[in-house]
Amino acid sequence: MKTPDVPPPSLPNRSTRPGRPIPIGASIGGRFRPSPFIPFYEHMIGPDAVFAAYSWHLSPAYLGEDVTAEYWHLRRQATLFDVVEHPIEFVGPDAARFLDYLMTRNISAMKVGRCGYGLICYQDGGILMDGVLIRLAEDRFRYVLADGEIFSWLKAHQPGFDVEIRDTADWVLQIQGPNALKVLDAVCDGGAPAPFTYFAAATVAMGGQPFLISRTGWTGELGFEIYVPEETDHAALWQHLHAKGEPFGLRFASMAPMDIRRIEAGILDNGIDMDSTMTPFAAGLGAFVDFGKGDFIGRDALGKSDRRPRLLGLRAVGSALEAGMKLSIDGRAVGRISAGGWSPFLACGIGYARFDNPGDWAGQRVLCGDGPAALEAEAMVLPFYDPAKRIPRGLDTTIP
């Protein structure tokens, strides 16, 4: 059997990377902020390149590279990604209390210097936003946003709380892969912070410039993120990362190889894989709902909601799964695929099934697509492997 390639993004059906893909040269009306690092990889931009507009940021979804080769490089060495995450901050005496009211998990219990996954829901329990929350001080938090409208929502709920909401204007870079922490030790002046455990945050200097970093990422691999202020000497940082990281195999790629790896790892994209029609339970994220804390937006609705999932993984033998494929069981339409592709590691097609209704879907056989080309797949609980996150924790160093 011929192994299918990881499909590059395409404008008609591209949805395995968050955001709205925009071909290079298309007008974006000044609404999106382009990455400050584009000039440094401009020479890599091919004729079929696609940029993703996401949370008001613009970064490369695909540059024209060999996605399968870059996937394996990510799995075996280290890759630098220019990503579209959007960091904002909550500062003030009521910052923790405000976030406890907004988010479904206990925020006040977070320790300074730690990160945590944070979900925000509407009153009806539907998901509004997700992202990584970092506690920088007792009265200061950074929330790294996914895509979606949130600023009006935050302002509407701000009265009564002594808190300021700031858009940091920081850009985000990710370095991911088994050599990522070796790269970190090389790029930090004086070496990497120690200890620097999974989901920790720290302030470091790189080439004489200060940066906040977090041991997080969007790949399910060992890695870290760099939050780059607007006033940074971007050229100096870019050159520093490559010069120090090259001995460990560090090279730059678009988000395309990151995309298939995040599906393998069961990492969801807000607005694509989950949205306001789904509760955290429907999205398989019920572990992040804490009914043991005080009141929070959506608490009552979530307490009454169906706990069964609507979003599961799909595995298909022989062919890649594609976003937008219709799902059916015994001729009955049951949902669609929100993200999909070919897993080089698992050697099968994988994707996310968004079922129309909650149910006991795990283990069921599902037909994907229409007509004679339809594929049979099995629904399964996410992630596809490494449920204990031993790879990003550095506990499993086996390189595929």
Side-chain angles (χ1 to χ4, degrees), residues 55 85-148 150 153-154 156-158 160-161 163 165 197-201 214-218 220 225 265-271 273-276 278-311 381-383 387-389 392-393:
S55 195
E85 295 165 290
H86 187 168
I88 65 172
E89 289 192 359
F90 300 84
V91 183
D94 289 342
R97 189 167 70 90
F98 184 47
L99 288 165
D100 256 330
Y101 179 60
L102 290 176
M103 294 190 171
T104 62
R105 69 182 301 172
N106 189 337
I107 304 304
S108 296
M110 282 185 68
K111 295 181 180 179
V112 174
R114 297 299 301 172
C115 310
Y117 180 68
L119 278 168
I120 298 177
C121 290
Y122 289 103
Q123 281 93 341
D124 64 0
I127 295 170
L128 166 62
M129 180 60 64
D130 79 325
V132 171
L133 185 70
I134 309 171
R135 189 164 199 167
L136 301 174
E138 290 298 325
D139 61 351
R140 182 183 172 200
F141 294 80
R142 174 168 293 211
Y143 190 36
V144 188
L145 300 175
D147 200 20
I150 191 173
W153 176 263
L154 296 176
H157 290 89
Q158 189 179 6
F161 294 92
V163 61
I165 304 166
T197 55
Y198 186 52
F199 264 58
S214 63
R215 197 171 144 187
T216 53
W218 216 65
E225 303 189 59
I267 300 172
L268 306 184
D269 168 24
N270 189 48
D273 305 314
M274 59 184 184
D275 56 28
S276 61
M278 302 174 74
T279 68
F281 299 109
L285 300 172
F288 299 99
V289 179
D290 183 0
F291 290 111
K293 70 169 191 167
D295 189 29
F296 60 89
I297 297 172
R299 178 191 176 99
D300 291 345
L302 289 173
K304 302 171 185 175
S305 66
D306 194 320
R307 304 298 172 93
R308 295 175 301 169
R310 281 183 54 201
L311 192 139
V381 175
L382 292 168
K389 300 188 183 297
R393 292 177 187 275

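- In this structure, the side chain of Arg393 engages the main chain of Ala388 through a donor-acceptor pair within 3.5 Å.
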Take Lys111 and Arg135, measure what side chain to side chain contact (heavy atoms under 4.5 Å, CB included) needs, and give me the verdict at the end. CA-CA 7 Å; Lys111 295 181 180 179; Arg135 189 164 199 167; over 6 Å; no

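- In this structure, Phe291 and Phe296 have tilted ring planes: the angle between them lies in the 30° to 60° band.
- With hydrogens and angles disregarded, a donor-acceptor distance shorter than 3.5 Å links the side chain of Asn106 to the backbone of Ser108.
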Determine, stepwise, if the pair Leu311 / Met278 fulfils side chain to side chain contact (heavy atoms under 4.5 Å, CB included). CA-CA 9 Å; Leu311 192 139; Met278 302 174 74; 3.7 Å; yes

What verdict does the side chain to side chain contact (heavy atoms under 4.5 Å, CB included) test give for Leu133 and Ile107, after you've listed the backbone C-alpha separation in whole Å, the side-chain angles of each residue and the deciding distance to 0.1 Å? CA-CA 9 Å; Leu133 185 70; Ile107 304 304; 3.7 Å; yes

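- Judged by distance alone, with hydrogens and angles left aside, the side-chain atoms of Tyr198 form no donor-acceptor pair with the main-chain N or O of Lys389 at under 3.5 Å.
- Proximity of Glu85 to Glu225: side-chain heavy atoms (C-beta onward) are separated by under 4.5 Å at one or more points.
- A donor atom on one side chain and an acceptor atom on the other are found under 3.5 Å apart for Thr197 and Arg114.
- Of all heavy-atom pairs between Ile134 and Cys115, the closest is CG1-SG, 3.7 Å.
- For the pair Tyr122/Ser276, a side-chain contact is recorded, criterion being any heavy-atom separation below 4.5 Å from C-beta on.
- Leu102 has its side chain within reach of Trp153: a pair of non-hydrogen atoms, C-beta onward, lies under 4.5 Å apart.
- In this structure, the side chain of Asp124 does not engage the main chain of Ala301 through any donor-acceptor pair within 3.5 Å.
- Arg97 is linked by a salt bridge (charged side-chain N to carboxylate O under 4.0 Å, His left out) to Asp94, counting only residues two or more places apart in sequence or in another chain.
- Judged by distance alone, the side chain of Thr104 and the main-chain N or O of Phe288 form a donor-acceptor pair under 3.5 Å.
- Atom CD1 of Ile127 is separated from atom CG of Leu285 by 5.5 Å, given to the nearest 0.5 angstrom.
- Contact check for Thr216 versus Phe199: side-chain heavy atoms found under the 4.5 Å cut-off.
- Across all their heavy atoms, Ser305 and Thr279 have their closest contact at CB-CG2, 4.3 Å.
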Test side chain to side chain contact (heavy atoms under 4.5 Å, CB included) applied to Asp139 and Phe90, step by step: CA-CA 8 Å; Asp139 61 351; Phe90 300 84; over 6 Å; no

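- Taken from CD1 in Ile297 to CG in Leu128, the straight-line distance is 8.5 Å, to the nearest 0.5 Å.
- Taking 4.5 Å as the limit, some side-chain heavy atom of His157 sits within range of a side-chain heavy atom of Tyr101.
- Residues Tyr143 and Ile165 are not in side-chain contact: their nearest non-hydrogen atoms beyond the backbone lie 4.5 Å or more apart.
- Not a single donor-acceptor pair under 3.5 Å links the side chain of Asp130 to the backbone N or O of Leu119.
- Not one N or O on the side chain of Arg215 forms a donor-acceptor pair closer than 3.5 Å with the backbone of Ala200.
- The side-chain heavy atoms of Glu138 and Val112, taken from C-beta on, include a pair separated by under 4.5 Å.
- Between Ser55 and the choices Asn270, Leu145, Ile150, Val144, the side chain to side chain contact (heavy atoms under 4.5 Å, CB included) rule is met once, by Leu145.
- Nearest heavy-atom pair across Leu99 and Phe141 is CD1-CG, 3.4 Å.
- For the residue pair Leu302 and Pro280, the shortest heavy atom distance occurs at CD2-CD, 3.6 Å.
- Residue pairs meeting the salt bridge (Lys or Arg N to Asp or Glu O under 4.0 Å) criterion with at least one partner in residues 288-303, sequence neighbours excluded, are Asp100-Lys293.
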